[in-house]
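In what follows, a structure is listed as structure tokens, so that the remarks can point back to it.
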Amino acid sequence: NSTGSSEAQETKKTASGKTEVVFWHAMSGDLEKSLNKIVDEYNKSQDKVEVKPVFQGTYEEAQTKFNTVAGTKDAPAIMQTFEVGTKFMIDSGKIQPVQKFIDQDHYDTSQWEKNISSYYQVDGKQYSMPFNSSTPVLVYNKDAFKKAGLDPENPPKTYDELKAAAKKLTEKQGNKTSQYGFSILNYGWFFEELVASQGGLYVDHENGRKGDAEKAVFNGKEGQNAFNLINDMYKEGTFYNVGQNWDDMRAAFQSKKIAMFLDSSAGIKTLVDNAPFEVGVSDLPVPKEEDRQGVAIGGASLWMSKGISDETSKAAWDFMKYLATPEVQAKWHVESGYFAVNPKAYDQEIVKKEWRKYPQLKVTVDQLHKTKSTPATQGALISVFPESRQKVVTGMESLYQGVKPKEALDQAAKETNRALEVGNQK
Amino acid sequence: MSITRKWTTYLLLIAATLVLMFPILYAFSISFMSGAEVLEGKIWPSSFSLENYRDAFEKVPLLHYLINSFAVSIFVMAGQLLVSSLAAFAFVFIKFKGRDAIFFLFISTMMIPWEATMVPNFLTAQKLGWINNYLGLTIPFFALAFGTFLLRQQFKTIPNELYEASQVAGISRFRFFWNVVLPVSKTSLVTLGVYSFLTTWNMYLWPLLVTNTEDVRTVQIGLKQMQTQEISTDWGVVMAAVVVVILPTLLLLFLGQKRLQKGLTQGAIK
Amino acid sequence: MKKVELVNIGKSYDQKTNVIQDINVTIEPGEFFVLVGPSGCGKSTMLRMIAGLEEVTQGELLIGDVKANKLLPSQRDLSMVFQNYALYPHLTVEQNILFGLHTKKISKQEQQKRCREAAEMLGLSEYLKRKPRQLSGGQRQRVALARAIVTHSPICLMDEPLSNLDAKLRAKMRSEIRQIQRKLGITMIYVTHDQTEAMTMADRMMILNGGNIQQIGRPLDIYNAPKNTFVASFIGSPPMNLSNVSIENNLLVFEDRRAISMSTPHSNLNGKKEVVVGVRPEHIQLATNDNTSFIVEVDNVEILGTETLLTFHMGDKQWMAKWNGQWNIKVGERVPIFIDPKHLFLFDNDTDSCLHYEPSTEDLTVKGAFV
Amino acid sequence: MKKVELVNIGKSYDQKTNVIQDINVTIEPGEFFVLVGPSGCGKSTMLRMIAGLEEVTQGELLIGDVKANKLLPSQRDLSMVFQNYALYPHLTVEQNILFGLHTKKISKQEQQKRCREAAEMLGLSEYLKRKPRQLSGGQRQRVALARAIVTHSPICLMDEPLSNLDAKLRAKMRSEIRQIQRKLGITMIYVTHDQTEAMTMADRMMILNGGNIQQIGRPLDIYNAPKNTFVASFIGSPPMNLSNVSIENNLLVFEDRRAISMSTPHSNLNGKKEVVVGVRPEHIQLATNDNTSFIVEVDNVEILGTETLLTFHMGDKQWMAKWNGQWNIKVGERVPIFIDPKHLFLFDNDTDSCLHYEPSTEDLTVKGAFV
Amino acid sequence: MSAVTKTANSPVSVSSNPKEKKSMPNLLVGLSYLLPSLLLFGVFLFYPMIKTLYLSLFITDTQGNPLKFVGLQNFSYLFTDPNFLQSMKATFLFVLYTVPIGLIIALFLALIANEKLKGIGFFRTMFSSTMGMSVAASSVIWMFMYNSTIGVINKVLNLVGIHDVQWLLDPKYALIAVSISTIWMNIGFTFLILLGGLQNIDEKLYENARIAGVSYWYQLRKITLPMLSPTLFFIITVSFINAFQTFGQIDILTKGGPTDSTNVIVYSIYKDAFVNYNVGSASAQATILFFCILLVTALQFKLGERKVHYQ
Ligand SMILES: Nc1ncnc2c1ncn2[C@@H]1O[C@H](COP(=O)(O)OP(=O)(O)OP(=O)(O)O)[C@@H](O)[C@H]1O
Ligand SMILES: Nc1ncnc2c1ncn2[C@@H]1O[C@H](COP(=O)(O)OP(=O)(O)OP(=O)(O)O)[C@@H](O)[C@H]1O
Ligand SMILES: O=P(O)(O)OC[C@H](O)CO
Ligand SMILES: [Mg+2]
Ligand SMILES: [Mg+2]
């Protein structure tokens with residue numbers, strides 16, 4: 001079906017004769033600063049390749065953009081795509097699997113963290129280069145814990161504990177709530193993770209890894225647990241609706257509007273730096289401790305466009321390899337909170353030093369290491385993931401309107417099915 | 001006018017101005033505030049520091065975007081003026097069969113929602129290689145039914161005798177268009193120009209679609225990008241960028257307000 | 001100086017009805033020819049066909065013996081002055097005057113020379129650098145005139161060029177245009193709906209009504225011998241008084257049974273018993289003791305400084321009399337009237353055409369006066 | 001029927017310069033009073049001050065003996081007819097006529113009655129349901145008039161109500177308006193820049209120039225005894241001929257050294273040696289053998305059916321003569337002229353005011369004619 | 001013709017030459033002036049419009065190439081899809097909130113700014129100023145004002161004892177919030193047009209009313225509004241069309257949420273086409289939108305034109 005011609009594009013060169021590699025990403029704020037620093041260092045480290053990072057908005061916006069230009073000369077050489085875009089990228093036919101370069105280069109992938117790289121492997125083929133992987137964590141305000149008489153070193157682990165803690169943390173002035181106990185961003189990823197951490201699947205066919213997914217199954221018991229949690233807490237008045245914007249959520253935490261919330265490990269460094277109180281980080285809560293299966297990775301990986309010249313591809317591959325070196329990964333980990341793709345990075349001195357300063361960073365790494373590898377924690381593979389996420393978000397939002405959790409979930413599942421059906425006709 | 005009526009009118013005018021201008025003034029005010037002041041929800045900054053502006057220019061290449069926006073707006077303005085005036089000229093000064101039908105066709109294009117054509121247009125732009133360059137940002141907007149309509153109304157006020165006089169004198173049609181019709185319609189051209197400039201400058205969805213490099217991005221997209229990137233961290237900087245973005249158009253509007261009003265209504269109604 | 005000939009000219013805008021028809025006339029070289037008629041009668045249409053701005057749909061147009069039906073306006077070698085002057089508002093007077101002259105392949109020098117000459121002739125020399133809007137109506141008129149003059153075209157067409165001027169200026173421009181036309185000797189075709197203009201300016205004039213020629217001739221001939229009631233009432237101000245009368249013996253009897261006598265029985269009345277009688281206001285005189293035609297009751301008096309207009313009823317119509325001097329007459333006063341039978345016009349009440357008039361024997365010349 | 005009195009009225013739009021000043025006049029109840037003057041002289045301004053549409057910045061305005069400077073327009077109990085009629089295009093003729101009548105607390109029945117009456121009087125009865133755009137110019141004019149009439153206000157103001165009509169219609173409406181005013185007996189203040197209108201309609205008129213009163217009086221008095229050159233040339237058509245002359249003995253000597261004699265030496269010339277002489281065109285006669293004043297070369301001849309206009313040079317000016325009849329005179333012909341000294345006007349060449357004229361002894365009445 | 005042929009040849013030949021020059025018929029000349037417009041309209045309006053109609057009958061790949069003909073399936077699904085129905089509802093509510101209220105406010109402003117007062121030019125400039133405000137900039141400002149914790153709107157509401165409202169997160173308020181900001185953004189343009197319309201009304205009509213002594217409201221009803229009706233008609237039509245096509249403020253303020261409460265059709269089209277890659281469905285929606293606008297405009301013309309008075 002694809003229109004992507006096999007004709008290779010010309011290699012773009014910079015004024016100084018370096019091969020230009022355009023790199024689209026979705027890293028904003030402090031993350032963008034760190035990324036730019038790394039790119040800068042890379043550009044300075046050699047004289048053949050010049051990487052040009054371009055911010056393209058959120059993951060969703062960036063992927064939208066990529067889709068519009070994929071296969072044309074306007075497409076970037078390297079594209080950062082969030083984990084749920086994996087299937088879409090593979091199906092698009094507009095990318096070259098990095099396996100090709102791994103093979104050509106005899107690159108040793110065993111140095112990678114298995115839990116991460118396996119997400120981007122389909123049928124034994126490595127499609128994209130893992131780069132920034134994260135997991136969801138519970139972030140909380142230690143000062144608020146103390147004030148509420150809770151143990152800041154013993155954050156809630158189960159839903160019940162979470163509810164109880166949230167109740168204590170919720171502060172009212174008159175009938176105006178000045179501090180809410182808990183919040184979850186209206187974003188599909190958190191729901192997916194809450195389901196996965198209980199071992200629940202998102203779609204059928206083993207989360208789409210044993211064949212194209214046809215049916216959403218996230219409205220099962222695990223999904224209902226998650227929705228019930230939100231619903232119950234919202235009804236109790238301990239849950240705050242922060243909307244869909246990551247920044248708004250973090251702002252709400254920093255301004256003490258919420259005492260606990262779920263965040264990506266990628267946000268932790270900035271949070272700890274900026275919060276006017278002590279920040280605690282803990283594992284994702286589960287309904288009951290025995291349910292705990294670990295988490296699926298989040299974040300994003302780097303994809304190589306198809307249709308770019310060999311020279312550009314090589315240059316891009318060189319940059320990808322650079323990013324995977326322990327030194328760079330170490331720096332990236334401590335500055336962003338993303339995992340090191342290459343575990344050797346954790347041995348680097350700066351990591352050790354930073355972990356002492358920011359013990360919170362280690363929590364996320366540990367959580368990943370504790371994860372049991374199952375189809376649930378490997379994450380779902382579906383091409384219409386972004387669309388499905390919108391449906392789930394609408395489901396979450398409808399909870400605040402008094403819709404029953406089960407109904408909301410079923411509706412989201414039904415609409416996801418429709419999206420799958422349409423998607424599978426393509 | 002009686003004294004009481006005069007003063008109630010003034011009162012209403014001032015009240016309406018305050019309400020209407022508040023968001024703009026508020027943006028100005030915030031653009032000078034430090035992050036802490038913003039979070040405290042102040043209305044007025046404690047000091048007028050230009051730091052936010054410096055940051056804004058540092059964080060995104062605002063200056064570059066401004067230049068792009070200027071280039072695109074000027075280009076579209078010139079294109080619209082030329083294309084619309086050519087068409088309007090034909091509608092007024094050249095009699096031919098089916099003229100009214102074509103005019104109706106033109107007017108009907110105002111009814112087609114741009115968004116309904118967005119997808120194929122994007123594909124067209126892509127095929128033409130117009131993504132990420134000025135062509136894609138400008139040429140699709142050169143033909144403007146509204147502009148043609150506005151100028152047609154203006155051209156109609158040019159006495160037909162002028163045209164006939166030049167026919168008798170043996171002046172070519174194009175020369176008449178260029179040397180008489182255009183200069184005589186200066187006011188309307190300025191009106192349309194200001195209008196085109198403003199609308200192009202403020203264009204949002206299309207540039208969002210067809211630009212993805214900093215080289216050609218316009219300032220509105222820059223603003224949106226800044227908003228995605230910076231909002232929680234620094235409203236002050238974002239507002240500084242807002243101010244930078246709105247200042248040129250506000251100035252243009254203030255300067256051209258009288259003409260704009262004259263020209264717009266002339267074209268719109270009569 | 002070129003002849004313009006219209007042969008069976010007709011015009012239809014909609015391919016169905018003719019707005020003018022059967023126009024046959026030859027305008028002689030150097031003649032000042034006026035087209036006159038009420039609004040909508042087709043004057044502009046005819047002029048515009050001559051100019052080439054409107055297609056000739058019937059008949060043949062010859063300009064200087066060349067068939068011109070299909071020529072472009074610019075190929076007809078004529079100039080035109082429009083009602084609203086059609087000055088280019090953004091150009092200076094000078095640029096206006098010279099606009100289009102380049103198409104005639106005239107050297108810059110020659111252009112300048114012509115412009116200077118024309119400006120001088122029309123007293124525009126000091127205004128050459130102004131824009132039209134900085135000029136008064138009369139000055140604009142002159143610029144339009146100058147623009148026509150500099151082309152040195154042998155034919156000039158004018159479409160109601162004075163109708164936007166006030167009465168005083170109009171009178172002045174009338175003689176100015178006439179003088180220039182004489183000086184340059186161009187053939188002038190001039191459209192107006194104002195009979196005074198037609199009377200005072202024309203060598204010959206054509207009176208149009210509803211697209212048909214009513215009469216062509218020298219102004220005084222038309223004034224003195226109008227072919228029909230339309231011409232009679234259109235030419236002359238105030239217009240000729242007209243009423244239906246029946247002929248009884250030698251008397252013309254009005255509807256209210258008042259009567260005036262005819263001088264002699266007229267043979268060419270074809271035995272008609274009902275006719276329309278016409279009398280010009282200036283021929284209704286105050287009766288002296290012995291010649292009263294009848295007595296009228298005055299409806300209105302208007303004293304215009306040197307003459308007095310009286311309005312009164314005759315039959316079913318209001319008539320007007322024009323007397324010299326300032327008459328102290330009150331509304332309602334009864335006044336004896338005398339109408340000399342030799343001043344009577346008689347028209348056919350069916351066809352409106354003139355049945356009888358007595359040619360004027362007056363021949364006022366300066367020499368005659370000295371005799 | 002109310003009196004309107006202006007005492008020392010002045011007006012300034014910008015608080016600096018006055019556009020009119022020192023206006024003192026009393027308009028009598030039931031009078032038809034015309035304000036006349038060239039464009040921009042302040043006629044509309046004065047009328048609008050009387051109407052209350054413009055603030056009076058100086059002096060006192062009395063309407064029916066009540067000080068009205070500060071009254072609202074609606075409190076002045078007057079009606080107004082505007083130049084472009086100011087009809088409401090979206091309302092029918094009837095609605096236009098009745099617009100605002102409800103504020104006068106008039107019953108619906110009475111409103112209908114008045115509307116019917118006014119419409120009948122003005123021949124509008126069949127058009128009551130039409131919109132203004134479906135009416136001709138004259139009909140619109142009448143609607144505006146009707147709207148003024150139905151208010152039954154004792155004072156009616158009109159600002160150039162006829163200037164948009166063509167000549168014939170204008171003449172007709174002139175007498176129509178005059179007749180209605182007489183019939184209703186209202187006080188009329190009427191603005192025009194057309195001297196014919198002023199002459200034929202006014203009981204009295206005020207001639208304004210540059211915001212100053214030039215003369216107030218009955219039309220004929222003004223015509224016969226203009227106070228200054230402005231009035232002399234403004235009233236009368238063609239206007240009075242004026243030239244600078246020097247007085248040498250009993251002769252008025254023109255710049256080209258031609259001369260005419262004065263009848264007798266005038267005492268009130270204050271020993272002035274340079275004056276402006278004025279002669280009305282109708283007073284320039286063809287000389288008979290023995291009384292030639294001088295001989296002129298004719299520049300232009302215009303024959304208007306019943307009269308002939310001759311243009312010739314006198315000194316630095318073009319003069320005009322108006323003769324009755326159709327004169328067969330060629331341009332360039334030399335004609336002997338006679339000017340009766342009793343028809344000479346003399347004006348001060350510094351102040352322009354009239355130094356001398358001879359009151360007309362003519363008294364044309366019908367009775368007189370019978371004697 | 002015969003009359004001419006016997007005269008000398010030369011003038012005849014002279015006169016026949018130019019005839020050839022004239023051979024370019026007006027139609028071609030006219031079209032050549034219209035060519036740029038027609039070409040651009042063709043390529044960027046008519047062709048895509050038709051393409052959209054065509055695509056609405058297909059399932060497409062992610063980049064909008066038709067894959068499979070499905071007939072009216074896209075439409076039939078849409079009409080049963082609660083999300084789309086919600087979009088329709090949001091669109092109509094949005095139009096309903098923004099057009100009449102915006103118009104009334106702008107009319108009010110135009111009326112008070114039409115008085116002849118000292119310094120009125122300043123107020124006119126202020127009132128028209130939102131025309132110079134881009135959607136992006138305005139939306140960012142309003143986004144901040146709506147912020148439930150630090151935004152000024154809640155601060156003011158708190159002062160009068162009203163609770164924090166989650167303007168953009170609460171489906172009850174989100175559409176209203178977006179509407180308010182939209183009204184604000186559009187006021188400048190609407191105001192300018194209406195003011196121009198008011199100034200075109202002959203002053204004499206009011207002077208006559210002053211002499212008649214009718215009240216302000218009577219003048220407003222009997223003179224101003226009828227005389228303004230062509231302008232009103234124009235601006236209502238334009239406002240409707242604009243309202244149906246609103247995109248920027250939705251994208252920045254709410255992204256169609258919460259629970260699709262602000263997911264107006266245009267935004268839904270954008271999401272379907274560019275985020276979910278259902279170009280077929282997006283095209284079907286675009287088609288429906290087109291007919292909605294057509295319908296409303298036609299209705300407007302049918303109902304409105306009768307009440308409009310043209311001079
Ligand atoms: N372009 C046209 N299409 C159709 N009919 C026309 C056109 N121009 C003029 N007419 C009609 O032709 C007739 C003659 O019009 P024309 O303009 O020649 O009159 P006119 O004598 O010049 O009148 P006026 O004194 O008002 O200028 C009128 O009935 C007019 O309605
Ligand atoms: N609103 C105004 N503001 C300032 N000056 C004005 C205004 N209205 C009129 N004038 C000036 O006052 C003077 C008299 O104007 P007015 O309208 O009374 O003249 P008019 O005699 O009615 O002229 P016309 O015959 O042209 O109507 C003019 O010089 C004019 O420029
Ligand atoms: O914010 P990030 O980079 O951790 O990504 C979160 C989700 O995985 C995106 O799908
Ligand atoms: Mg005409
Ligand atoms: Mg006036």
Side-chain angles (χ1 to χ4, degrees), chain A residues 1-4 58 60-61 63-72 88 91-94 174-177 186 240-245 248 251-252 255-257 383-391 393-401 403 408 411 414-415 418-419 421-426, chain E residues 58-70 73-74 77-78 80-84 86 143-144 146-151 154 158 161-164 166-172 174 251-261 263 268 270-281:
Chain A
N1 65 8
S2 91
T3 50
T58 61
E60 284 84 356
E61 285 165 348
Q63 193 181 357
T64 296
K65 275 274 165 76
F66 179 77
N67 178 56
T68 58
V69 296
T72 73
F88 171 82
D91 289 351
S92 76
K94 301 288 162 60
N175 48 9
K176 193 182 158 197
T177 309
N186 295 329
Y240 184 64
N241 174 10
V242 286
Q244 295 190 30
N245 190 305
D248 286 350
S255 63
K256 303 182 198 167
K257 186 98 189 165
S383 58
V384 295
F385 222 135
E387 194 175 356
S388 172
R389 271 191 174 175
Q390 290 162 33
K391 308 299 180 196
V393 167
T394 305
M396 291 170 86
E397 286 171 343
S398 68
L399 290 179
Y400 315 130
Q401 303 312 306
V403 176
Q411 181 64 27
K414 200 174 118 206
E415 285 168 6
R418 157 79 188 172
E421 186 193 325
V422 174
N424 288 338
Q425 288 178 37
K426 293 184 179 170
Chain E
F58 285 84
I59 284 183
T60 62
D61 71 5
T62 56
Q63 291 188 316
N65 303 302
L67 286 180
K68 187 173 146 207
F69 180 78
V70 293
Q73 191 202 302
N74 283 324
Y77 179 75
L78 281 176
T80 56
D81 178 11
N83 291 322
F84 178 71
Q86 162 62 29
M143 188 170 192
F144 181 70
Y146 281 134
N147 188 301
S148 47
T149 28
I150 50 176
N154 274 350
N158 284 344
I162 299 176
H163 269 293
D164 280 359
Q166 293 202 308
W167 287 103
L168 300 174
L169 299 179
D170 190 330
K172 278 201 296 293
D251 186 46
I252 293 178
L253 287 176
T254 63
K255 297 209 178 299
T259 59
D260 285 349
S261 59
N263 193 23
S268 168
Y270 166 80
K271 268 208 310 207
D272 249 358
F274 292 99
V275 181
N276 302 336
Y277 318 120
N278 294 327
V279 176
S281 162

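Keep in mind the model is a prediction, meaning the values are calculated, not measured.
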If I take atom NZ from residue Lys271(E) and atom CZ from residue Phe274(E), how far apart are they, to the nearest 0.5 angstrom? 14.5 Å
Got a second to check how far Gln411(A)'s CD is from Thr394(A)'s OG1, nearest 0.5 Å? 9.5 Å
Are a donor atom and an acceptor atom from the side chains of Trp167(E) and Asn147(E) found within less than 3.5 Å of each other? no
With only heavy atoms counted, which part of Gln86(E) is less than 4.5 Å from chain A, the side chain, the backbone, both or neither? neither
Heavy-atom closest contact (Ala408(A) atom, Gly395(A) atom, distance): CB-O, 3.7 Å
Contacting moiety of Gln63(A), where chain E heavy atoms sit under 4.5 Å: both
Heavy-atom closest pair (Val279(E) atom, Thr60(E) atom, distance to 0.1 Å) is CB-OG1, 3.2 Å
Please state whether the side chain, the backbone, both or neither of Gln401(A) comes within less than 4.5 Å of a heavy atom of chain E. side chain
Contacting region of Asn263(E) [heavy-atom separation from chain A under 4.5 Å]: neither
NZ/NE/NH1/NH2 to OD/OE distance under 4.0 Å, Glu387(A) and Arg418(A): no
Structural part of Lys391(A) lying under 4.5 Å from a heavy atom of chain E: side chain
Portion of Phe88(A) that has a non-hydrogen atom of chain E nearer than 4.5 angstrom: side chain
Bottom line for Val393(A): the part with an atom under 4.5 Å from chain E's heavy atoms is neither
Residue selection (most heavy-atom pairs with chain E, distance under 4.5 Å) from Gln244(A), Gln390(A), Met396(A): Gln390(A)
